[in-house]
Amino acid sequence: MHIHYLVSEFKSPIPGYCISQLVKLYAYYRCFDDVMVLYKEFRRDPSVVGAVILAMAHDSKVVNSIYMEAYENDLLQHEDVFNAYLSYVHLTESQDLLFAYTELVNHGAEPSASSMVLLMSYVGRNTMGTETVNFVLNELMDRPHLYRLEECLVAAMQMLTFNDDEATAVELCQKNSHLPHIYDGYISAICKQPEINVSKIEHHLDALLKKSKPDLDTILSIVRAYRDTEQLEKCLPLLLKLEEYQVKAHPQVYAVMFLACTDRIMHKLGLAIYEMYLRSKTRSAAVENFIIRFFGYTGDTMKAVAVFESVLSRNETQPTTWEYTFRALSQSGMNEKALLMFEMMRSDHPEFIVSSTIQKILTVCVAGNLLHAGTSIFIHMKEEFGIVPVGDHYIQMIELYLNNNMYDDAHDLLQTVEKTCRPQHLFICYNSFMTYFYKKRNVEGAAEFLDKMAVIPGFENVVPYYTVLRLYEEKGMINEIEALRQKFGQEPLKKLKITVECGITNIQILGHEYQDDPHIREFLTVLFDRATFELGYEPDLSDSLKKKSNIKVEALWRSPDKVALAFGHLYTPVDRKIMISKSLRINNDNHQVYAIYSRLYKRDVIVKAKSISHFFRNGICSCGLSHEILEPYNLKFFHLKNSLDLESLALNK
């Protein structure tokens, strides 16, 4: 290589650090012969020897030979060699790390902070017992003047907490309380335990706040602990406590909170955190992107657009700012408004239009069935924006064509996908065609694309064969049903999880837990009677694997989906939307009942299902599905007085 030539021609001595960087470069490009050439030339330089040990970690024979030569040349006591060999043992698990450490120390090596941290992390993760923990702790205590001592103490506390030695960890923390970040380290250590003790975290946070300002990593660890223990509602007291001690929360803290609230559709909690964000006078376009996403997912479209206007007025928009706003509008059924916003972006900020932006606006066109607009954007995207269509764009266009019964155009695009796109894109496209034939009740077409999906490498175990199975059941094709079950195995057990927002917390509906509540049963009976007599409701079992005659209406109305709806109606404030999150898709009958409920009781219902969010208002869903019994009431999903005048967005510029 040219660099090696320059090294050989260099007149004055070259520092070992520079050679070690060259070794890393050779290792990155897998030029291991050149690594060994450098080693032969600089074998007495500790930094080079350490870099070569890590570069050749894949070859244990070479590393063992280098180790023996380093021992003969008295290089093991050098920090670079010591750390490199310990890291090699840790990465390859070629021997016990504690044994390797002891052997190096016996050879006269002096451990560095990095090696001590590595050793304590190893002992902590493997819970190696009290004797081993005490040995490592004594090794640390024997070196009070160690460089980066505070980092080592933090690792020691983490090791102790992992080994359930809480008393020693607290004692160590108190003895070194003069160090500025010792409480930060202890809190982070508690947050990394397999079983997080939130009350203990809060206790030590109080001690930290009285002493100094906590680190960003500490606050993030606490928020993640709340998230992982499903105690997100404690984020609000945390922000109030930081405000009390005049500690300004970092924008990244708000970002993590909003991401967690979005994932769990905790609208009321997110709204309270948003008020705290406004009070803090912190302004970050990155955080506000997550806020737009949060309000979009929870159906608060007006606030999503208001946040977008704020970012636009500061001229801080990014591609994701526009994309999340498109999605927020689309999820509320305002697809034309989202398209109008894209046209504004097209004329005023074309520099922000990237590949993902085109994919998002095509998704809007699919949701609103805007065939002409979607086709125009797809055809001109390369010429106008310099963006070459990729798999995500083809997926949306195929869906749009199939929704408009343009099978030939969709099939032409599919041929391009088969030649140029990744397997996951091809899988989704085949699934769209199978769904298209399912709606047409075309068994042969659906079965053809099911077979194509089954042979895509890596997707053999996730083929959605239920679609074809339903067609076979409808047509009474017993032999085909049995063959399909044998081919794809027995029906897997699906994990159902449904939660309802109640105040700033979420209540999980676990199957039968609330089904026998007399108030819920009474309400479901009233809802069933009103739906039947006022709107002519009939159970919709078109997507059920069981025959209609085998399902009793009483059992159907005790399903977790309907219990969750009743729970939200009875135990959440009347002026709030009912927020439901579930791990599987929503079936046709429950979709119908949610729509009926929103019409009869004039309350919005938001359901975050497996792949799409549904926003029910006045009997209509944002996904565009309607039912025959609601046809007389099919007004526009959002009335003109409730729609957004997006043309006014330009006034802030």
Side-chain angles (χ1 to χ4, degrees), residues 154 158 181 183-202 204-206 208-209 213-298 300 303-304 307-308 310-311 316 318 320-321 323-325 327-328 499 501 503-506 579 581 608 613:
V154 169
Q158 184 174 335
H181 302 294
Y183 278 104
D184 289 288
Y186 183 52
I187 293 172
S188 298
I190 298 172
C191 292
K192 291 177 181 177
Q193 285 184 283
E195 295 183 5
I196 301 170
N197 189 327
V198 172
S199 59
K200 194 185 298 180
I201 293 171
E202 292 171 344
H204 290 288
L205 176 63
D206 289 336
L208 172 60
L209 286 168
K213 180 180 177 181
D215 286 344
L216 169 62
D217 289 340
T218 304
I219 302 300
L220 288 176
S221 296
I222 295 172
V223 174
R224 291 183 181 118
Y226 289 154
R227 178 197 63 193
D228 296 340
T229 56
E230 300 298 335
Q231 299 182 63
L232 270 177
E233 64 275 6
K234 293 191 175 183
C235 288
L236 201 57
L238 173 64
L239 291 173
L240 291 170
K241 186 177 291 186
L242 293 177
E243 188 180 67
E244 178 186 347
Y245 284 92
Q246 298 181 345
V247 176
K248 193 172 184 179
H250 192 276
Q252 196 173 343
V253 174
Y254 288 105
V256 174
M257 289 181 179
F258 280 113
L259 279 171
C261 289
T262 303
D263 186 51
R264 292 156 180 79
I265 311 191
M266 301 180 74
H267 180 264
K268 191 170 182 179
L269 176 60
L271 199 59
I273 294 172
Y274 177 61
E275 295 299 329
M276 293 292 296
Y277 173 77
L278 294 178
R279 276 170 53 183
S280 70
K281 297 183 180 179
T282 300
R283 294 298 175 266
S284 166
V287 175
E288 290 175 26
N289 289 343
F290 291 121
I291 295 174
I292 293 170
R293 182 173 180 262
F294 163 74
F295 283 130
Y297 267 93
T298 56
D300 205 337
K303 276 197 166 53
V307 176
F308 171 81
S310 174
V311 180
E316 295 180 359
Q318 304 165 350
T320 50
T321 312
E323 292 166 12
Y324 287 149
T325 311
R327 179 164 186 162
T499 55
E501 181 178 315
I504 62 172
T505 62
N506 281 1
M579 320 286 288
S581 174
K608 183 184 177 185
S613 293

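Values below: every heavy atom of this structure, side chains too, minus hydrogens, waters and symmetry copies. Numbering of residues begins at 1 and proceeds along the displayed sequence.
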In sequence, state the C-alpha distance, the side-chain angles, and the governing distance for M266 and L232, and then conclude on side-chain contact (heavy atoms from CB on, under 4.5 Å).
CA-CA 9 Å; M266 301 180 74; L232 270 177; 3.9 Å; yes
What residues, two or more places apart in sequence or in another chain, satisfy side-chain hydrogen bond (donor to acceptor under 3.5 Å, both in side chains) together with Y277?
E288
Across all chains, not counting sequence neighbours, the ring pair (Phe, Tyr, Trp, His ring centres under 6.0 Å) partners of F295 are Y274
Atom OH in Y324, atom OG1 in T262: separation rounded to 0.5 Å?
9.0 Å
Does any part of the side chain of M276, heavy atoms only, come nearer than 4.5 Å to the side chain of L240, both counted from C-beta?
yes
Suppose we screen for salt bridge (charged side-chain N to carboxylate O under 4.0 Å, His left out). Which residues come up paired with D206, at least two apart in sequence or across chains?
K241
Any I219 side-chain heavy atom under 4.5 Å of H250 side chain
no
Of all heavy-atom pairs between F294 and G270, which one has the smallest distance, and what is that distance?
CZ-CA, 3.4 Å
Any heavy-atom pair between the side chains of Y245 and K213 that's under 4.5 Å?
no
Heavy-atom check, side chain of L278 versus side chain of R283, under 4.5 Å
yes
Atom pair OG/CD of S310 and E316 - distance to nearest 0.5 Å
8.5 Å
So how far is it from Q318 CD to E323 CD, rounded to the nearest 0.5 Å?
10.5 Å
About how many Å separate CG of L269 and OG1 of T298, when rounded to the nearest 0.5 Å?
11.5 Å
Within a strict 4.5 Å, meaning less than it, do heavy atoms of the Y254 and S280 side chains meet?
yes
For the student: nearest non-hydrogen atoms of A328 and A304, plus distance
CB-CB, 3.9 Å
Closest approach of A249 and L242, non-hydrogen atoms and distance?
CB-CD1, 4.3 Å
Working to the nearest 0.5 angstrom, can you tell me the gap between I292 CD1 and T320 OG1?
8.0 Å
Run the numbers on Y297 and R327 for side-chain contact (heavy atoms from CB on, under 4.5 Å), then give the verdict.
CA-CA 8 Å; Y297 267 93; R327 179 164 186 162; 2.8 Å; yes
L205 vs L238, side-chain contact (heavy atoms from CB on, under 4.5 Å): CA-CA, chis, key distance, verdict:
CA-CA 10 Å; L205 176 63; L238 173 64; 3.5 Å; yes
Supply the atom-to-atom distance K234 NZ to L236 CG, rounded to the nearest 0.5 angstrom.
13.0 Å
Heavy atoms only: give me the nearest V311-T321 pair and the separation to one decimal.
CG1-CG2, 4.0 Å
Return yes if some donor-acceptor pair links the side-chain N/O of K608 with the main-chain N/O of D263 below 3.5 Å, else return no.
yes
Side chains of R293 and L259: does their closest heavy-atom pair fall under 4.5 Å?
yes
